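Note that this is a predicted model, so its numbers are computed, not measured. Computation of the quantities below employed the complete heavy-atom set of this structure, encompassing side-chain atoms and omitting hydrogens, waters and symmetry-equivalent molecules.
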Protein chains: 4
Amino acid sequence: MIQEGELINLYHNEQRKYLLKVKHAQFHTDKGFIDLTAIIGKNFGEKIVSNLGYNFYILKPTLEQLVMKVKRHTQIIYPKDIGIILTKATIFPGAKIIEAGSGSGAFTSAAAYYIRPNGKIYSYEQRRDLFENAKQNIEKNNLTPWVEISNKKIENNFEQKNADFILIDIGSPWELIRAAYQSLKAGHKLATICPSFEQLSKTVFTLGQEGFTDIETLEVLTRRILVRPNRTRPEQRMPSHTGFLVFATKISQ
Amino acid sequence: MIQEGELINLYHNEQRKYLLKVKHAQFHTDKGFIDLTAIIGKNFGEKIVSNLGYNFYILKPTLEQLVMKVKRHTQIIYPKDIGIILTKATIFPGAKIIEAGSGSGAFTSAAAYYIRPNGKIYSYEQRRDLFENAKQNIEKNNLTPWVEISNKKIENNFEQKNADFILIDIGSPWELIRAAYQSLKAGHKLATICPSFEQLSKTVFTLGQEGFTDIETLEVLTRRILVRPNRTRPEQRMPSHTGFLVFATKISQ
Amino acid sequence: MIQEGELINLYHNEQRKYLLKVKHAQFHTDKGFIDLTAIIGKNFGEKIVSNLGYNFYILKPTLEQLVMKVKRHTQIIYPKDIGIILTKATIFPGAKIIEAGSGSGAFTSAAAYYIRPNGKIYSYEQRRDLFENAKQNIEKNNLTPWVEISNKKIENNFEQKNADFILIDIGSPWELIRAAYQSLKAGHKLATICPSFEQLSKTVFTLGQEGFTDIETLEVLTRRILVRPNRTRPEQRMPSHTGFLVFATKISQ
Amino acid sequence: MIQEGELINLYHNEQRKYLLKVKHAQFHTDKGFIDLTAIIGKNFGEKIVSNLGYNFYILKPTLEQLVMKVKRHTQIIYPKDIGIILTKATIFPGAKIIEAGSGSGAFTSAAAYYIRPNGKIYSYEQRRDLFENAKQNIEKNNLTPWVEISNKKIENNFEQKNADFILIDIGSPWELIRAAYQSLKAGHKLATICPSFEQLSKTVFTLGQEGFTDIETLEVLTRRILVRPNRTRPEQRMPSHTGFLVFATKISQ
């Protein structure tokens with residue numbers, strides 16, 4: 001049974017799906033409003049009808065939605081990239097993670113989601129406005145207990161040590177590689193995301209000089225297929241580029 | 001400190017990385033053997049030298065390695081596809097998952113990894129040889145406590161009900177969609193992976209008839225970038241196709 | 001020296017490039033008008049200034065522009081696909097080509113362009129409006145001498161025989177494969193373009209039954225790279241799908 | 001009727017297709033030998049049987065085969081890239097083309113093929129061994145009348161002026177951009193192919209400084225689809241990268 005404060009995906013169709021926290025309020029859409037109070041006590045998958053007679057479904061939110069529906073003040077890390085990070089990094093339930101560059105809190109949310117119930121992600125954001133927005137996004141996503149977010153510029157080192165994984169998502173990732181080395185457990189992974197080739201190559205060369213091995217760079221592409229009777233085909237345009245992902249492993253020196 | 005029975009990634013270079021369980025034994029490679037006993041009590045990131053004088057590093061295994069290093073008796077679900085499933089499905093720590101078609105236990109391992117510590121994946125494999133192999137792979141990956149694997153062909157329904165997520169990975173996924181509907185929590189996700197277009201379209205049309213909505217089909221491509229001084233470029237060949245992923249949400253009827 | 005009636009690419013910037021035939025007229029843009037008469041006698045590469053003081057360059061049109069600037073009443077065959085056809089088909093200067101489905105005359109123009117000066121393309125379009133538009137596009141492209149376009153539905157056979165290459169670009173390509181076989185030189189290529197998988201598989205199976213061998217199917221993707229100081233990266237979205245190309249060779253029976 | 005000296009594609013299956021010049025000789029394969037003399041006077045599409053009883057077909061060669069079957073002493077420009085060049089460059093029947101870096105003569109052959117009957121490509125190769133090999137490849141492809149190939153390193157300028165199109169395919173394309181500017185007709189295209197990002201960015205920035213406009217960079221990917229009853233799917237691995245293509249237009253200064 002859905003509780004007050006729980007997250008739901010209020011779904012009418014592909015264009016109208018809303019990530020909401022259930023509370024005593026009305027939610028307005030161009031297909032009429034929904035009384036969210038009425039959702040308390042219902043189950044996922046049930047239908048609810050707007051005052052204008054349109055059907056909405058109460059669906060269980062996915063991690064993708066938590067990520068995509070953050071209020072964006074920056075380019076976010078997209079689910080396709082988060083997915084590959086979840087497999088190639090040393091993230092796991094209970095992990096201790098450091099993130100440099102909270103941005104809009106998209107990756108922060110994803111990491112918090114999968115390190116539950118005993119992990120923690122320490123996230124740093126130097127810009128005040130981004131910090132405030134990320135904090136709210138994480139709160140909206142009900143993930144605050146697993147996140148410690150700080151409005152601080154990292155200069156030479158992170159406060160935390162012995163992290164299981166560190167993500168650097170700032171414009172000049174190479175500046176924080178030495179700091180990351182100090183705070184990362186040996187044998188564990190660091191990752192960065194670099195929009196451009198210039199950032200990518202500078203990052204990779206710095207990693208090689210600063211005690212990292214098994215350095216791998218890749219990009220992820222997703223392409224939707226539209227399945228229709230006798231007209232099944234790939235979509236006509238697709239996302240081409242978000243950023244290049246770099247993974248590297250710290251070795252002891 | 002690394003314990004006996006713990007999983008490690010014994011890393012020499014890109015071509016020589018081994019997923020091993022630490023025990024009182026020698027491990028032989030073409031660069032000499034390593035006495036695994038000597039690893040007990042060491043930390044990740046430390047170096048160990050083979051009897052022939054080659055350096056190996058003791059690294060923390062990633063989920064990708066758990067998946068890629070399963071002994072394969074079938075085509076596995078690859079990390080790139082597992083990553084996107086981890087974001088688009090209703091998987092989370094504590095989730096109850098059903099899998100039809102254990103195959104080699106690659107996805108089984110991935111799901112078990114991220115539903116810890118309180119979740120469970122119920123996996124079904126009708127072929128005896130695959131069942132045995134998958135079971136051993138899961139055991140090798142130290143994930144047995146979170147997996148219940150059965151050597152059984154699903155006919156009309158799964159024994160479990162109220163699953164948070166169901167994956168169907170068999171040659172004719174449409175045959176199990178009705179059964180999956182019965183066992184899946186409403187508002188939650190079902191996914192299938194289909195190598196061919198014919199399987200894909202039959203699956204999608206069946207989903208539409210059997211009470212599912214928000215049906216999405218996509219494929220994931222990954223492309224490595226080789227970063228070298230003045231010679232940075234994408235790799236010359238890349239994986240092109242593993243399967244099409246289908247995601248759909250059950251609605252109450 | 002540029003003659004009256006010659007085609008030019010009047011270029012201001014990426015968003016403002018116009019394929020024009022030089023004549024005694026003014027050409028109006030949002031950056032002012034150009035007196036086209038003044039272009040007669042100039043050379044390619046020269047600058048011309050609009051009445052509002054904006055610079056335009058007189059550039060030599062490329063085949064891509066001839067194709068992309070046709071007035072479109074249908075989806076056209078794109079340059080990326082035309083390019084691969086130019087290498088995989090039996091097209092060459094002097095070739096005799098048949099096209100079923102003129103559409104907007106995009107491929108017709110491309111084939112006419114490269115079979116000059118002695119080749120001929122016979123193009124069929126059953127819809128009157130498309131036929132008229134395609135004819136005008138070919139005329140606009142100054143390629144009429146190499147094209148014979150007919151407003152006719154092909155039922156059982158093409159009038160021409162001994163074609164060096166046949167392209168079928170209609171919704172149900174399999175219906176014309178037998179006719180194409182009759183009109184194609186043995187040992188030469190037939191190609192079709194199929195937007196959907198269902199069309200593709202039906203076409204390929206029919207080709208195999210109707211005396212064709214060496215059947216190959218592929219799709220072409222192009223991705224732009226944006227080269228900027230320290231910010232070089234692939235474009236963020238790219239074309240994903242136009243159609244699947246099928247190539248097959250007729251063998252004597 | 002096939003003449004002595006004519007090029008044919010002797011086709012048994014996907015793995016056994018041979019680009020040959022018909023002459024009085026035997027051609028040996030692992031499926032037996034073929035007496036090529038017997039092909040004179042036959043037509044394309046006819047069958048010929050090897051001494052071991054295997055069927056071969058005499059097919060019309062495509063441009064793709066001329067390109068792919070050159071004896072390779074270097075990485076060649078692939079048909080997918082040649083195709084896009086044929087649409088985006090100022091190549092046409094009768095064109096005068098300059099190529100810096102003949103390599104194995106793959107692009108040289110393609111350009112010669114489509115500028116016939118009245119065009120000419122002037123190709124430069126500084127390495128003696130490559131020059132000799134390229135020359136033989138062009139001769140093998142029956143394209144010698146349209147090619148003038150020189151074993152010479154270009155220092156400051158090309159001998160020819162007023163070229164309709166120039167291709168630079170050397171390791172440091174930026175070194176020849178000034179020379180190319182001098183020899184290219186204004187308003188016409190120059191292209192380069194760059195394997196790496198570093199080459200690409202240096203080339204693009206130099207073009208911008210040396211009087212070129214409308215600079216475009218892209219890469220081309222092709223993906224085969226395997227069409228089989230109920231098992232239609234993309235191939236499992238695909239070519240990922242050959243090089244980045246750059247196109248730019250000279251403007252008068």
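Atoms CD and CG, from B:Q199 and D:N230 in turn, are 8.5 Å apart once rounded to the nearest 0.5 Å. Distance check: D:H241 NE2 to B:M238 CE gives 12.5 Å after rounding to the nearest 0.5 Å.
Atom OH of D:Y18 is surrounded by more than 12 heavy atoms from other residues, nucleotides or ligands within 6.0 Å. Around atom NZ of B:K140, more than 12 heavy atoms belonging to other residues, nucleotides or ligands sit under 6.0 Å away. For D:R178, the CZ atom sits in a loose shell: 12 or fewer heavy atoms of surrounding residues, nucleotides or ligands are nearer than 6.0 Å. Around the CZ atom of B:R16, the shell of radius 6.0 Å holds more than 12 heavy atoms that belong to other residues, nucleotides or ligands. Other residues, nucleotides and ligands place more than 12 heavy atoms under 6.0 Å from the NZ atom of B:K88. The environment of CD in D:E159 is sparse: at most 12 heavy-atom neighbours from other residues, nucleotides or ligands sit within 6.0 Å.
Of the possible donor and acceptor atoms, none in the side chain of B:T232 sits under 3.5 Å from a partner among the backbone N and O of D:F197.
Using a 4.5 Å heavy-atom cutoff, the side chains of D:Q236 and B:Q75 are in contact. Put simply, the side chain of D:P239 reaches to within 4.5 Å of the side chain of B:R237, judged on heavy atoms.
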Worksheet item: Passes salt bridge (charged side-chain N to carboxylate O under 4.0 Å, His left out), D:E219 versus B:R223? Steps please.
Response: CA-CA 14 Å; D:E219 57 177 336; B:R223 190 192 201 194; 2.6 Å; yes

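For the pair D:R233 and B:P195, the tightest heavy-atom approach, listed with the atom from each and the gap, is CB-O, 3.3 Å.
Using a 4.5 Å cut-off between heavy atoms, B:R228 contacts chain D through its backbone alone, with no side-chain atom that close. D:L221 touches chain B through its side chain: at least one heavy atom from C-beta onward sits under 4.5 Å away, while N, CA, C and O do not.
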